[in-house]
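The structure appears right after this line, and notes come after that.
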Amino acid sequence: QVQLVDSGGGLVQAGGSLRLSCAASGRTFGSAGMGWFRQAPGKERECVVAMTWSSSYVYYANSVKGRFTVSRDSAKNTVYLQMNSLKPEDTAVYYCAASKVNSIVIMPGMYDYWGQGTQVTVSS
């Protein structure tokens with residue numbers, strides 16, 4: 001089992017920044033996939049970042065490319081999502097997720113473990 005705890009959300013003005021954290025316990029990420037998703041009210045959950053621990057390649061959704069950056073601390077089993085130049089349309093609950101599949105996947109159904117979510121609200 002993997003337990004994920006995501007944190008770091010909050011209220012920020014447009015143009016501001018936030019850094020989300022996702023701490024894993026119960027096992028090392030190893031060869032697992034990792035993702036950050038977000039879900040706004042009335043919308044489907046969408047993948048904004050996907051990566052694997054075995055590769056340096058990172059998938060970024062077009063809507064966040066150039067503004068969001070993911071980083072990882074293997075020693076702490078923690079993944080960070082740095083979000084800059086935030087826009088009101090970035091407002092959503094953000095979730096980190098872990099997959100047993102060692103590949104880049106962007107479909108929520110391919111993920112096995114989920115954090116509890118952290119609210120990000122960007123005011124205009």
Side chain proximity check, [X] to [Y], heavy atoms < 4.5 angstrom:
X: Tyr95; Y: Pro108; value: no
X: Gln13; Y: Leu86; value: no
X: Asp73; Y: Tyr80; value: yes

Kindly give the heavy-atom pair with the smallest separation between [X] and [Y], and that separation in Å.
X: Ser54; Y: Asn102; answer: OG-OD1, 2.9 Å
X: Met34; Y: Cys96; answer: CE-CB, 3.6 Å
X: Trp36; Y: Leu20; answer: CH2-CB, 3.7 Å
X: Cys47; Y: Ala61; answer: O-CB, 3.6 Å
X: Lys43; Y: Gln39; answer: O-NE2, 3.2 Å
X: Arg67; Y: Ser85; answer: NH1-O, 2.9 Å

Q: Give the intermediate values and the outcome of side chain to side chain contact (heavy atoms under 4.5 Å, CB included) for residues Arg72 and Met51.
A: CA-CA 10 Å; Arg72 63 191 89 179; Met51 55 176 272; 3.2 Å; yes
Q) Can you name the residues that form a side-chain hydrogen bond (donor to acceptor under 3.5 Å, both in side chains) with Asn84, not counting sequence neighbours? A)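 For Asn84, the residues satisfying side-chain hydrogen bond (donor to acceptor under 3.5 Å, both in side chains) (neighbours in sequence not counted) are Ser17, Gln82.
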Any donor-acceptor N/O pair, [X] side chain to [Y] backbone, under 3.5 Å:
X: Ser99; Y: Met110; result: yes
X: Tyr60; Y: Val70; result: yes
X: Tyr111; Y: Val105; result: yes
X: Asp6; Y: Cys22; result: no
X: Thr91; Y: Val122; result: yes
X: Gln116; Y: Val5; result: no

Q.
As a quick check of understanding, evaluate side chain to side chain contact (heavy atoms under 4.5 Å, CB included) for Val120 and Met83, giving each step before the final call.
A. CA-CA 10 Å; Val120 171; Met83 306 186 297; 3.8 Å; yes
Q. Are Tyr59 and Met107 joined in one hydrophobic group, where the rule is that I, L, V, M, F, W and Y side chains link up if heavy atoms are under 4.5 Å apart?
A.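 Yes, Tyr59 connects to Met107 through the hydrophobic network.
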Q: Drop me the distance from Ile104's CD1 to Tyr57's OH, to the nearest 0.5 angstrom.
A: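 With rounding to 0.5 Å, CD1 (Ile104) is 6.5 Å from OH (Tyr57).
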Q: For the residue pair Phe68 and Tyr94, categorise the inter-ring angle as parallel (less than 30°), tilted (30 to 60°) or perpendicular (more than 60°).
A: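 Judged by the thresholds at 30° and 60°, the geometry between Phe68 and Tyr94 is tilted.
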Q. What residue pairs, at least two apart or across chains, pass salt bridge (charged side-chain N to carboxylate O under 4.0 Å, His left out) with a residue in residues 45-66?
A.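 Applying salt bridge (charged side-chain N to carboxylate O under 4.0 Å, His left out) to every pair that reaches into residues 45-66, excluding sequence neighbours, yields Arg38-Glu46.
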